[in-house]
Structures are given as C-alpha cells and as structure tokens.
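Just so you know, these numbers come straight off a predicted model, no measurement behind them. Numbering starts at 1 and runs along the sequence shown.
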Amino acid sequence: MFAAMLFTIAMLALCQFALFYWRAVVAGVASQPVSERVLEAAHLESGEFCGADFQKLVTLLGMTPALKSGNSKMGLVGVYYRFVQNMGAAFGKMSPAVVSWSERESVLCARYAAAQIERRLQSNLAQAEAIRSC
C-alpha cells in the first residue's frame with residue numbers, strides 16, 4: 001500500500017515537472033524576436049499580439065513551405081491553446097484572474113506560432129542560399 005502511494009506521488013511529481021519544463025521551452029521559443037516580414041504577413045503591423053492571433057498565425061504557418069522535412073503542425077501548443085481558451089470561457093465569469101491568465105497564455109501561444117514561422121523562414125532562406133552557392 002505504501003509503495004503504491006509513493007509510486008503515485010512520484011509519478012504526479014514527474015508529470016508536473018514535465019509540464020513545467022514543456023511550458024518553459026514554449027516560453028523560451030516564444031520570447032525570440034519576430035521579424036517585420038512575419039508581422040506584416042500576419043497583418044500585425046503594431047507588433048502587439050493577442051490571443052485571437054493564434055489561429056491566423058497557425059494558418060500562416062501551414063501556408064509557409066518547409067524545405068526540410070519536419071513537423072509542420074503546432075502539436076501540443078494547439079491543444080494547450082484550446083485548453084486555455086476553454087478554461088477562460090468556463091471559469092472567466094467566476095474569476096477575472098482566470099480571464100487574464102487565459103489571455104496571457106493565448107498570447108504566449110500566438111508568439112510561439114510567430115516564432116515558428118520565423119524559424120521556418122530562416123531555415124528556408126538558409127537552404128535557398130546553400131542551393132544557390134552550389
């Protein structure tokens with residue numbers, strides 16, 4: 001009985017650590033600068049992101065060609081975005097803090113999508129330059 005309880009606590013702690021680590025990686029990618037090209041393509045000339053920009057940026061990412069083979073989907077970030085939106089809608093009326101948290105996390109997801117577009121464009125430009133130099 002004690003071993004099962006200890007195992008459960010250890011697994012919960014491991015899951016919590018994995019979630020926090022994943023969130024830190026997403027925040028690290030989202031903090032990278034985004035070029036004016038990406039902002040202009042997404043019609044975000046002000047440079048300010050909002051949570052609603054995520055869908056627009058995901059669509060733009062899907063339209064951006066990938067010269068390297070890789071994952072072109074947003075993966076867990078899209079799931080996290082939907083989770084955050086649902087939490088904000090469900091509990092936003094009870095607590096304004098949930099609404100502000102939901103908007104902050106939605107902006108994080110939008111910045112992550114913009115950073116992924118920027119990475120893909122930089123990769124494509126590097127590949128094109130390598131092809132031209134041959």
Side-chain angles (χ1 to χ4, degrees):
M1 177 68 176
F2 180 73
M5 187 173 66
L6 187 61
F7 178 74
T8 303
I9 291 170
M11 293 311 317
L12 287 173
L14 181 65
C15 289
Q16 183 181 16
F17 174 76
L19 180 67
F20 287 151
Y21 176 76
W22 175 82
R23 169 68 173 64
V25 169
V26 169
V29 170
S31 68
Q32 294 180 359
V34 178
S35 70
E36 291 296 321
R37 292 181 304 204
V38 174
L39 296 175
E40 188 175 315
H43 302 292
L44 300 171
E45 285 81 20
S46 66
E48 294 294 320
F49 290 91
C50 69
D53 295 331
F54 179 75
Q55 295 298 333
K56 187 183 342 178
L57 290 164
V58 168
T59 303
L60 186 60
L61 179 66
M63 294 183 336
T64 308
L67 296 179
K68 283 186 177 179
S69 63
N71 190 4
S72 64
K73 300 191 189 255
M74 292 301 294
L76 289 177
V77 176
V79 173
Y80 183 65
Y81 175 79
R82 286 189 296 281
F83 170 75
V84 165
Q85 291 296 310
N86 290 335
M87 291 293 286
F91 299 109
K93 293 180 181 176
M94 290 186 266
S95 173
V98 174
V99 173
S100 66
W101 170 80
S102 174
E103 181 59 27
R104 280 194 317 268
E105 294 301 305
S106 298
V107 168
L108 177 77
C109 293
R111 287 199 54 81
Y112 179 84
Q116 289 298 90
I117 294 169
E118 181 67 30
R119 281 183 169 184
R120 183 174 286 178
L121 286 175
Q122 292 299 325
S123 172
N124 289 352
L125 289 173
Q127 291 256 334
E129 184 64 32
I131 290 170
R132 279 193 292 256
S133 68
C134 290

Review point. Out of curiosity, does Ile117 fall in the hydrophobic cluster containing Val29 (side-chain heavy atoms, cut-off under 4.5 Å, transitive links)?
Key: yes
Value for CZ (Arg119) from CD (Gln122), rounded to nearest 0.5 Å, stands at 11.0 Å
query: Taking a hydrophobic cluster as the set of Ile, Leu, Val, Met, Phe, Trp and Tyr residues connected by side-chain heavy atoms closer than 4.5 Å, whether directly or through intermediates, do Phe83 and Val58 fall within one such cluster?
result: yes
In short, ring-ring contact (aromatic ring centres under 6.0 Å, His included) pairs touching residues 9-57 with sequence neighbours left out are Trp22-Tyr80, Phe54-Tyr81
Do Leu121 and Tyr112 sit in one hydrophobic cluster, given that two such residues count as connected whenever their side-chain heavy atoms are within less than 4.5 Å of each other, even indirectly? yes
Legend entry - Arg132/Glu129 salt bridge by N-O under 4.0 Å criterion: yes
On a heavy-atom basis, the closest approach of Leu125 and Arg37 is CD1-NH1, 3.3 Å
Check your understanding: Between Met87 and Met94, is there a shared hydrophobic cluster once you connect ILVMFWY residues whose side-chain heavy atoms come closer than 4.5 Å?
Key -> yes
Sequence neighbours excluded, the answer for salt bridge (Lys or Arg N to Asp or Glu O under 4.0 Å) partners of Glu48 is none
Correct closest heavy-atom pair for Leu60 and Val38 would be CD2-O, 4.4 Å
Review point. side-chain contact (heavy atoms from CB on, under 4.5 Å) between Met5 and Thr8: does it pass, once the steps are laid out?
Key: CA-CA 5 Å; Met5 187 173 66; Thr8 303; 5.7 Å; no
Does Ser102 offer a backbone N or O that forms a donor-acceptor pair with the side chain of Ser106 under 3.5 Å? yes
Shortest non-hydrogen pair, Ala113 vs Leu57, comes out as CB-CB, 3.7 Å
SG of Cys109 to CG of Asp53, rounded to nearest 0.5 Å, is 12.0 Å
Query - Cluster link Phe2 to Phe7, ILVMFWY, side chain under 4.5 Å - result: no
Could you please spell out the steps behind the side-chain contact (heavy atoms from CB on, under 4.5 Å) verdict for Glu105 and Leu108?
CA-CA 5 Å; Glu105 294 301 305; Leu108 177 77; 3.8 Å; yes
Value for CD (Gln85) from CD (Glu103), rounded to nearest 0.5 Å, stands at 7.5 Å
For Ser35, the side-chain hydrogen bond (donor to acceptor under 3.5 Å, both in side chains) test, sequence neighbours excluded, returns Glu118
- Within the side chain of Thr59, is there an N or O that forms a donor-acceptor pair under 3.5 Å with the backbone of Gln55? yes
Between Gly88 and Val98 the two heavy atoms that sit nearest each other are CA-CG1, 4.2 Å
